[in-house]
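Notes for the one structure printed next.
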Amino acid sequence: MMKNSFQEYLKTLFQEKTVVDEAVNYALLGDGKRVRPLLLLNFLKDCDIDIEYGFPAAAALEMIHTYSLIHDDLPAMDNDDLRRGKPTVHKQFDEATAILAGDALLTKAFELLTEYDGDICRKLVQLYAQSSGNKGMIKGQILDISYENSEHITLDELKTMDNCKTGYLIRLPLLTAEILANESITNLGEIGFSLGLAFQIQDDILDYTSNEIELGKSTSDATNNKSTYYTLLGHNEAQALCDELYESVLKELPEKFVCLKEYIQQLRYRGK
Ligand code: GRG
C-alpha cells in the first residue's frame with residue numbers, strides 16, 4: 001500500500017517526451033525494493049505524520065540511489081548488463097543516454113527538496129549533498145575502484161568503503177525523517193551506519209549464495225574477485241556480524257518505531 005502509493009507519485013516526476021526521461025522512467029520505475037524511501041516513510045508513519053509529506057524527500061532518495069546504479073553499471077565502472085531484472089540503461093539505450101539519465105535524476109532530486117520550507121529545505125539540501133558527495137557515496141565509489149583486484153584490503157578499509165558507498169544512503173532516510181518529524185533520536189547517525197553495514201553484508205552474502213535471475217542484477221562482485229565481507233570473513237562469520245548489526249539497530253531504535261522495526265525485519269529476511 002505504502003509502496004504502491006509512492007510508486008504512483010514516482011510516475012508523475014519525469015514527463016518530458018525525451019529519450020532521457022524515457023530512460024529515467026525505465027530505470028526509476030523498475031523493480032527496485034525502494035528500501036531508502038520505505039525507511040523514511042515508515043519512520044514518519046510511526047510519528048503519526050502523513051506519509052505524503054515525505055514523498056518528495058523519499059523520491060529524492062530513490063532518484064539519487066537510481067542514478068548511482070545507472071552510473072555504476074556503465075562500462076567505465078562495473079560494466080554490468082542486468083539491473084532490476086532488465087538490461088542496464090546503457091544496454092537498453094546507449095552510454096550517453098545512461099550518463100544523462102543519471103545526471104537528470106541527481107539534479108531533480110535537489111529540485112524536489114525545495115518543496116520543503118526554508119530551514120527544513122536548507123538542512124535537507126546540505127544533508128543530501130554531504131551524503132551523496134565527495135565525502136560520502138562518491139568517496140565509496142572511489143575507494144571501491146582503488147581496491148579492485150587488491151588482495152590486501154583490511155576489514156577496517158572495507159568498513160570505511162561500505163559506510164561511504166552504502167551506509168550514507170541508508171542512514172540518510174533516517175536522518176531525513178528525524179528532520180521532517182522534528183524528532184531527536186540518540187545515536188541515529190550511528191544506528192543508520194549499522195543498518196547500512198548490515199544491509200551491505202547481506203548483499204555480499206546474496207551475491208555469492210543467490211543467482212542473477214533471483215537477484216535481477218549481475219553478481220559481478222563474485223566474478224570480479226572484489227573483497228567483500230563474504231570473502232574476508234567467510235559465510236558464517238559474515239552472517240553472524242550481519243545478525244549482530246541488525247539486532248543492535250532494532251534494540252537501539254526507540255520502542256515507538258513499530259512500523260520501522262517491522263520493515264527492518266522484512267529487509268533482514270529478504271531474498272534479493
Ligand atoms: C556514484 C557511480 C556512483 C556510484 C556510487 C552506490 C554505488 C556507489 C554503486 C551502486 C552499486 C552498489 C553495489 C551499491 C552498494 C549499495 C547496494 C547494495 C545497492 C543495491 O541497492 P538495493 O538492493 O537495490 O536497494 P534496488 O534495485 O532494490 O533499489
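Indexing begins at 1, ligand by ligand and atom by atom, following the structure's order. Residue numbers start at 1 and run along the sequence shown. Scope of the values below: all heavy atoms of this structure, side chains included, with no hydrogens, waters or symmetry mates.
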Review item, side-chain donor-acceptor pairs of residues 99-114, under 3.5 Å, at least two apart:
{"from": "Thr107", "atom 1": "OG1", "to": "Asp103", "atom 2": "O", "distance (Å)": "2.5"}
{"from": "Thr114", "atom 1": "OG1", "to": "Glu111", "atom 2": "O", "distance (Å)": "2.5"}

List ligand 1 atoms under 4.0 Å from Phe199, heavy atoms only on the residue side.
18 (C), 22 (P), 23 (O), 25 (O)
Could you tabulate the donor-acceptor pairs under 3.5 Å formed by side-chain atoms of residues 22-29, not counting sequence neighbours?
{"from": "Asn25", "atom 1": "ND2", "to": "Phe14", "atom 2": "O", "distance (Å)": "2.9"}
{"from": "Asn25", "atom 1": "ND2", "to": "Asp21", "atom 2": "O", "distance (Å)": "3.3"}
{"from": "Tyr26", "atom 1": "OH", "to": "Pro87", "atom 2": "O", "distance (Å)": "2.7"}

Parallel, tilted or perpendicular, judged at 30° and 60°: which one describes the rings of Phe257 and Phe43?
tilted
What atoms of ligand 1 come within less than 4.0 Å of a heavy atom belonging to Asp72?
2 (C), 9 (C), 10 (C), 11 (C)
Contact atoms of ligand 1, heavy-atom distance to His71 under 4.0 Å:
2 (C)
Proximity to ligand 1 by part of Arg84, non-hydrogen separation under 4.0 Å:
side chain
If you compare Gln200, Lys139, Arg36, Lys33 by their heavy atoms, the one closest to atom 19 (C) of ligand 1 turns out to be Arg36
Show your reasoning for whether ring pair (Phe, Tyr, Trp, His ring centres under 6.0 Å) applies to Phe193 and Tyr168.
CA-CA 7 Å; Phe193 275 133; Tyr168 274 107; 5.0 Å; yes
Would you tell me which option among Gln141, Arg34, Lys217 has the nearest heavy-atom contact to atom 3 (C) of ligand 1?
Gln141
Ligand-residue contact atoms, ligand 1 with Tyr67, heavy atoms, under 4.0 Å:
1 (C)
Under 3.5 Å, is there a donor-acceptor pair between the side chain of Lys165 and the main chain of Met137?
no
How about Asp117: does its CG atom have over 12 heavy atoms from other parts shown lying under 6.0 Å from it?
no
